Amino acid sequence: MIDTLMSMLEEREDEMIEIRRYLHENPELSFKEEATANYIADFYKDKDVEVETNAGNGHGVIVTIKGGQPGKTVALRADFDALPITEETDVSFKSKNEGVMHACGHDSHTAYLLVLADCLIELKDKINGTVKIIHQHAEEQPPGGAKSIVEAGFLDEVNAIFGIHVLPMAPAGTVGYHSGHSFNGRTYFKLKIKGRGGHGSSPHKANDAIVAGAYFITTAQTVVSRRVDPLNAGVVTIGSFDGKGSFNVIKDNIEIEGDIRYSNEETQHVIDKEFHQIVNGIEALFGVTCELSYEPDYPPLYNDPELTEFVANTLNDAKDKDMKEVKEFPKMAPSDDFAHYLEKVPGSYFFIGATPKGVDEPYFNHHPKFDIDEDAILVAAKAVGHVACSYLQEQ
């Protein structure tokens, strides 16, 4: 069956690329992907599968493919939202939606999974078990779509879940894997500091919120350098300091927003505790009032070691002409809400090399000039197809 599936995917490579380009031209932001979700649902129209739309807290689409024989249930996920980025590539299928771009490869994720799912539908009588296809909305925008899909019960009968992400870290034909903690968790925070405004000539009659905010920024950076275990990853980024006003006026209130990354839950708890202590200290030291919103959204992504080894062995044993190299990738700093699925069921999130041909220094995901080698789309379909079918065959 696997050989038949691989041949079918090869024959439909052009279709995958066509789908990817259509989605790339018509990107939609997180939680606003109505047209994309309709496109996905229409793809499955009149096919012998169960389709559920508006899954979770947005436009998720869940497709259940029941095999001809009983067995385990495996879930496969692809995200389909885009980013608020103005595209700067010169491809012929450039985004038609000003200020919105598929700058992370979710268009290619959706393209490969649509065609792979369709091929599995054609072969479903030969499948032992069930394949659950998760077309997920809103990966890019907290709270994301994954957590709500889990909470809605769509993974309750799932034994394992797999997914991929295209990355310009290696040429097309390369498949990467990493066991254990593989992506960082993420927390969003906003700090509002309220002091007492006044004239620039009379600071003693005021209470400067900007000075308190500046102290917070400096002190927050010491959390990672002096409180986090050096063997664990932690990052504190101040992305916004809203303290604009007149040059001769002491501001009475400011807002600071930022982003925190951490490699494991232990580090998250350390940073959480330290942040709240710093804010309490600023209130006491400067006599200001602080309001801290501290919202962990995506947990650290933990790939099940046994299933990740299964992925690596399966793809190495496949000897597929389009998968030229299967190798271990390093642990990475970004976050992905696929982590919520992995908290519910064991699985593995692995990586598809997609560096454009002839490019030595590719633009990474989320860059306005991000692009991929479209050969990677077939590699993704084959890799996930091999893994899913091999998993279901191992009863």
Side-chain angles (χ1 to χ4, degrees), residues 1-2 5 8-9 12 15-16 19-20 23 33 36-56 58-68 71-81 105-139 144-146 148-150 152-166 311 336-338 340-342 344-345 347-350 352 377-378 380-392:
M1 172 191 160
I2 292 180
L5 175 61
M8 294 169 69
L9 292 172
R12 297 179 67 173
E15 181 183 354
M16 294 184 217
I19 292 171
R20 182 255 168 165
L23 295 173
E33 322 95 324
T36 305
N38 289 338
Y39 176 88
I40 292 169
D42 286 346
F43 182 88
Y44 293 101
K45 188 176 181 180
D46 299 327
K47 299 185 189 298
D48 188 19
V49 289
E50 178 183 336
V51 179
E52 298 175 72
T53 58
N54 298 316
H59 299 293
V61 180
I62 311 294
V63 179
T64 303
I65 306 170
K66 295 182 178 179
K72 295 178 289 189
T73 298
V74 63
L76 310 176
R77 176 269 213 170
D79 35 18
F80 59 81
D81 55 328
H106 297 183
D107 49 352
S108 58
H109 298 174
T110 301
Y112 99 76
L113 190 56
L114 283 172
V115 174
L116 173 60
D118 197 26
C119 292
L120 290 172
I121 292 168
E122 290 188 43
L123 298 171
K124 70 176 187 171
D125 290 342
K126 299 179 180 180
I127 293 176
N128 297 328
T130 300
V131 181
K132 186 159 287 191
I133 304 295
I134 301 174
H135 292 289
Q136 186 208 306
H137 60 292
E139 189 281 323
S148 67
I149 286 175
V150 171
F154 288 107
L155 267 66
D156 286 355
E157 298 179 359
V158 170
N159 300 108
I161 186 167
F162 300 100
I164 61 91
H165 206 300
V166 294
V311 168
D336 194 297
D337 74 348
F338 193 89
H340 285 298
Y341 299 125
L342 296 175
K344 175 69 175 179
V345 298
S348 189
Y349 195 51
F350 51 106
I352 306 297
I377 303 175
L378 176 60
K382 283 188 162 188
V384 176
H386 271 293
V387 169
C389 292
S390 297
Y391 178 81
L392 291 176

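All values below were derived from every heavy atom in this structure, side-chain atoms included, with hydrogens, water molecules and symmetry-related copies excluded. Remember, predicted model here, so these are calculated numbers, not experimental data.
Nearest approach of Ile65 to Ala117, heavy atoms of both residues: CD1-O, 3.7 Å. Looking at every heavy atom in both residues, Thr73 comes nearest to Leu392 through N-CD2, 4.5 Å. Here the closest heavy-atom approach between residue Ile164 and residue Ala380 is recorded as CD1-CB, 3.9 Å. Residues Ala381 and Tyr112 approach most closely at CA-CD1, 3.4 Å, considering heavy atoms. Heavy-atom minimum distance, Leu113 versus Tyr44: O-OH, 4.3 Å. Looking at every heavy atom in both residues, His106 comes nearest to His165 through NE2-NE2, 4.0 Å.
In this structure a side-chain-to-backbone donor-acceptor pair under 3.5 Å is present from Lys132 to Phe154. Lys124 places a side-chain N or O within donor-acceptor distance of the main-chain N or O of Asp48, the cut-off being under 3.5 Å. For the pair His137 (side chain) and Gly58 (backbone), a donor-acceptor distance under 3.5 Å is present. Although no hydrogens or angles enter the test, the distance criterion places a donor-acceptor pair under 3.5 Å between the side chain of His109 and the main chain of Val166. In this structure, the side chain of Asp81 engages the main chain of Glu139 through a donor-acceptor pair within 3.5 Å. Remark: side-chain polar atoms of Ser148 are paired, donor with acceptor, to backbone N or O of Gly145 under 3.5 angstrom.
Look at Asp337 and Arg77 and you find a salt bridge, because one of the NZ, NE, NH1 or NH2 atoms lies within 4.0 Å of a carboxylate O, short of that distance.
Counting only heavy atoms from C-beta outward, the side chains of Met1 and Ile127 approach each other to under 4.5 Å. No side-chain heavy atom of Val115 sits under 4.5 Å from any side-chain heavy atom of Ile377. Counting heavy atoms from C-beta outward, Glu157 and Thr130 have side chains that stay 4.5 Å or more apart. Side-chain atoms of Asp156 and Lys344, non-hydrogen and from C-beta on, do get closer than 4.5 Å to each other. Residues Cys389 and Val131 form no side-chain contact, since every pair of their non-hydrogen atoms from C-beta on lies 4.5 Å or further apart.
Distance CD/Gln136 to CZ/Phe80: 8.0 Å, rounded to 0.5 Å. Separation of atoms CD1 (Ile19) and CG (Leu114) is listed at 5.0 Å; rounding is to 0.5 Å. Between the OH atom in Tyr341 and the CZ atom in Phe162 there is a gap of 15.0 Å [rounded to 0.5 Å]. Interatomic distance, Thr64 OG1 to Glu50 CD, rounded to the nearest 0.5 Å: 4.5 Å. Note: Glu15 CD to Leu378 CG = 12.5 Å, rounded to the nearest 0.5 Å. The CG atom of Leu5 lies 6.0 Å from the CG atom of Leu123; values are rounded to the nearest 0.5 Å.
Side-chain rings of Phe43 and His135 stay apart, their centers remaining 6.0 Å or farther from each other.
The only member of Asn54, Asn38, Thr53 that meets side-chain contact (heavy atoms from CB on, under 4.5 Å) when paired with His59 is Asn54. The residue from Ile133, Val51, Thr110 that alone fulfils the side-chain contact (heavy atoms from CB on, under 4.5 Å) condition with Ile40 is Thr110.
Stacking of Lys72 on the aromatic ring of Tyr391 is recorded, both the 6.0 Å distance cut-off and the 45° axial limit being met.
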